[in-house]
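Keep in mind the model is a prediction, meaning the values are calculated, not measured. In this chain, residues are counted from 1 in sequence order.
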Amino acid sequence: MTNKIIPKQLVASAIFLSLLSSVLVLINLLFGFSLPLYLLVAICVVTLSFVYPLAGLLAVTFLTLLWSQNFTLSPFIFNQSEYKFYLVDLFLVPIYFRTALDWFKYRQPALTGFDKLLLVFFAWVALIFVFSLAFWDANLATAVSSLKNYIFYPLLFFVIWYQFRNRQIFSTWFAFFMAGALASLGFFVYGLLTGQGLWTEITPLSTAGSRFLDFNHAFYLCLAFILGLPYLIWRKDQFSRVLTWLLPLFVAGILGSLMRHLWLALTIYLVWLLITLGSDRASLKKLVAKYLALVIVIFSLGIFVANLMPHSQLTQSLGDQRGYLATRFFSLFDDGDTSIAWRGTLWNNAWSNFLDAPLTGAGLGQKIFIDMGSYKDYVELRNIHNSFLAVLTQLGAVGLLLLLVFVLAQLIKIWTFKVCSNLALIVRYSVSGIIIFCTIAFMFQPYLEANFFSIWWWLFLGLGHAYYESTLS
């Protein structure tokens with residue numbers, strides 16, 4: 001394995017693409033779509049992403065973390081018509097094309113049996129897509145969107161595996177990832193200052209309170225936390241000291257989002273980490289002890305302020321937020337919660353729908369009817385707030401089995417590969433932890449059906465492949 005230095009022009013290109021695309025996203029948000037600016041950005045993005053595919057990947061990492069769906073779902077608009085060729089697709093198409101050219105030229109690395117299983121999954125999705133349009137009266141736009149989420153974005157698995165050929169590449173990508181996570185904390189600060197986070201109205205609460213951070217960025221902070229924690233355990237350098245202060249901020253943002261399923265998935269991940277650490281468990285305990293001391297200090301300061309100014313607006317606000325957090329937590333166990341009841345009804349209907357066609361599923365671009373008394377609606381199968389159930393009901397048992405066997409094979413290979421460095425341990429625990437975390441979280445929201453979520457799933461699976469193929473270990 002080579003460990004060559006990353007060219008400065010590659011990193012400069014990634015920074016340039018990140019800044020230029022951020023300007024486009026900001027102008028789109030503030031003033032609306034600008035065709036001349038879009039064309040300028042498109043030329044730069046396509047050219048540099050083809051010449052430096054890694055620069056494109058670094059920029060996609062940062063931009064998705066910062067702008068989320070405002071980047072990944074930013075459409076092309078012409079003559080007042082909206083075309084769902086998104087800004088992120090401008091990056092990925094030349095990256096895919098260049099990677100394919102390089103792979104066919106060198107024929108390395110070679111595909112394994114389980115890699116080919118993902119290609120079989122793609123073929124099955126394409127077949128179901130054709131049947132959905134030809135025989136099952138599918139909605140064309142929804143079916144095409146699902147096709148992209150189940151084939152186009154999963155191609156990142158192969159691209160990451162191919163492009164992440166040395167440790168320096170991983171270190172540079174890690175820096176871009178953490179920079180994006182740090183920048184996204186700005187949305188949490190905004191929520192604290194205004195009392196309501198940006199874009200939080202998309203996910204209304206079923207309990208009292210306000211979200212200080214939107215769902216998407218809270219999910220990204222979970223990924224950053226799972227990446228950063230192993231780094232703190234096995235690396236003692238200047239960056240680890242920075243991470244020591246960042247991780248509590250990530251956790252604060254996650255708590256402030258009031259996203260219960262993220263709390264649940266992160267708790268299960270931490271239990272898994274504690275069980276699997278073995279002899280390194282002492283390092284985690286020392287780290288937890290430091291954070292507990294910090295929590296005690298902050299809690300004591302809060303009590304002091306409350307006693308000093310019992311009738312102040314700050315004291316009342318702190319008391320309210322503590323109550324909202326407690327209410328939100330205990331609502332996890334309340335089957336009368338409207339959000340939980342909605343999911344339960346929807347999942348039961350989806351399961352009944354699946355039993356009508358257990359092997360092939362109902363197809364892409366389909367809807368099911370939900371009746372909850374006063375609430376009646378048609379819900380897209382891809383939006384039933386459980387990605388695995390969505391795959392099952394749309395692609396049948398065959399589609400879900402292909403996907404689960406592929407993911408399980410990747411996890412087993414990642415976990416059983418012999419480590420020979422601290423970096424290898426960091427990658428092993430980060431990728432394995434994210435697979436564990438996402439497996440739980442995906443049961444409660446449409447993750448694989450939204451590119452600003454699914455991109456990370458396939459990226460980390462590809463990173464795991466690069467790890468057990470020895471390019472990162």
Just verifying a value: how many Å separate His261 NE2 and Ile340 CD1, rounded to the nearest 0.5 Å? 12.5 Å
Residue pair Asn451 / Thr72, side-chain donor-acceptor N/O under 3.5 Å: yes
Residue Lys286 excluded, over 12 heavy atoms near NZ under 6.0 Å: no
Quick one: are Leu185 and Phe250 in side-chain contact, heavy atoms under 4.5 Å? yes
Got a donor-acceptor contact below 3.5 angstrom from the Ser184 side chain to the Ala181 backbone? yes
Are Phe157 and His465 near enough that their ring centres are under 6.0 Å apart? yes
Taking the side chain from Tyr96 and the backbone from Phe152, do they hold a donor-acceptor pair closer than 3.5 Å? yes
Would you please indicate yes or no on a ring centroid separation below 6.0 angstrom for Tyr150 and Phe129? no
Per ring pair (Phe, Tyr, Trp, His ring centres under 6.0 Å), Phe71 is matched among Tyr86, Phe91, Phe62 by Phe91
Hey, what's the ring geometry for Phe187 with Trp199, parallel, tilted or perpendicular (30° and 60° as the breaks)? tilted
OH/Tyr378: more than 12 non-hydrogen atoms of other groups inside 6.0 Å: no
Between the main-chain N or O of Trp342 and the side-chain N or O of Thr345, is there a donor-acceptor pair closer than 3.5 Å? no
Nearest heavy-atom neighbours spanning Leu63 and Leu17: CD1-O, 4.2 Å
Looking at Gly197, is its backbone amide N or carbonyl O close enough to the side chain of Arg211 to form a donor-acceptor pair, meaning the two atoms are under 3.5 Å apart? no
Is the Trp173 to Phe176 ring centre distance short of 6.0 Å? no
Quick check for you: to the nearest 0.5 Å, what is the distance between Leu247 atom CG and Ile226 atom CD1? 11.0 Å
Got a sec: does the NZ of Lys148 have more than 12 other heavy atoms crowding it under 6.0 Å? yes
Without hydrogens or angle criteria, can the side chains of Ser387 and Glu449 be said to hold a donor-acceptor pair below 3.5 Å? yes
Relative to the ring of Tyr447, is the ring of Phe219 parallel (under 30°), tilted (30 to 60°) or perpendicular (over 60°)? tilted
Indicate yes or no for a side-chain donor-acceptor contact from Thr142 to the backbone of Gly365 under 3.5 Å, with no hydrogens or angles considered. no
Between the side chain of Ser145 and the main-chain N/O of Ala141, is any donor-acceptor distance below 3.5 Å? no
So for atom CD, which belongs to Glu201, do other residues, nucleotides or ligands contribute more than 12 heavy atoms lying within a distance under 6.0 Å? yes
Asn386 and Trp347: side chain donor to acceptor below 3.5 Å: no
Once the angle between the rings of Phe442 and Phe388 is folded into 0 to 90°, is it parallel (under 30°), tilted (30 to 60°) or perpendicular (over 60°)? tilted
Which distance, rounded to the nearest 0.5 Å, do you find between the CG of Asn139 and the CZ of Arg382? 8.5 Å
Checking Ser68 against Tyr220: is there a side-chain donor and acceptor pair closer than 3.5 Å? yes
Minimum heavy-atom distance Ile160-Leu459, with the two atoms named: CG2-O, 3.6 Å
Euclidean distance, Thr393 OG1 relative to Leu381 CG, rounded to 0.5 Å: 4.5 Å
Is the backbone of Glu380 close enough, under 3.5 Å, to the side chain of Asn383 for a donor and an acceptor to pair up by distance? no
Does the pair Arg343 and Ser339 meet the rule for a side-chain hydrogen bond (donor to acceptor under 3.5 Å, both in side chains), with working shown? CA-CA 6 Å; Arg343 282 178 171 84; Ser339 179; 2.5 Å; yes
Got Leu156 and Leu461 here, is their nearest side-chain heavy-atom distance under 4.5 Å? no
For Thr112 and Asp115, what are the C-alpha separation, side-chain angles and deciding distance, and is it a side-chain hydrogen bond (donor to acceptor under 3.5 Å, both in side chains)? CA-CA 5 Å; Thr112 66; Asp115 302 326; 2.7 Å; yes
Would the Tyr269 and Tyr429 ring centres measure less than 6.0 Å apart? no
Under 3.5 Å donor-acceptor, Arg428 side chain and Gly464 backbone: no
Between Phe121 and Trp124, does a ring pair (Phe, Tyr, Trp, His ring centres under 6.0 Å) hold up when you go through it step by step? CA-CA 5 Å; Phe121 173 74; Trp124 180 256; 9.4 Å; no
Please check if atom CZ in Phe122 has more than 12 non-hydrogen atoms from other residues, nucleotides or ligands closer than 6.0 Å. yes
Checking Tyr468, Trp272, Tyr467 against Trp415 for ring pair (Phe, Tyr, Trp, His ring centres under 6.0 Å), the one that qualifies is Trp272
Specify the closest pair of heavy atoms between Trp457 and Thr439, including all atoms of both residues, with the distance to one decimal. CH2-OG1, 4.2 Å
Applying the side chain to side chain contact (heavy atoms under 4.5 Å, CB included) criterion to Leu213, which one of Leu192, Val189, Leu221 satisfies it? Leu221
Expected output: side-chain Asn348 to main-chain Gly344 donor-acceptor under 3.5 Å: yes
Close side-chain approach of Leu117 and Leu402, heavy atoms under 4.5 Å: yes
Does any non-hydrogen side-chain atom of Tyr153 lie less than 4.5 Å from one of Leu92? yes
If you measure from CE on Met443 to CD1 on Ile440, what distance do you get to the nearest 0.5 Å? 5.0 Å
Does this structure show an ion pair linking Lys84 with Asp89, if we count only N-O contacts that are shorter than 4.0 Å? no
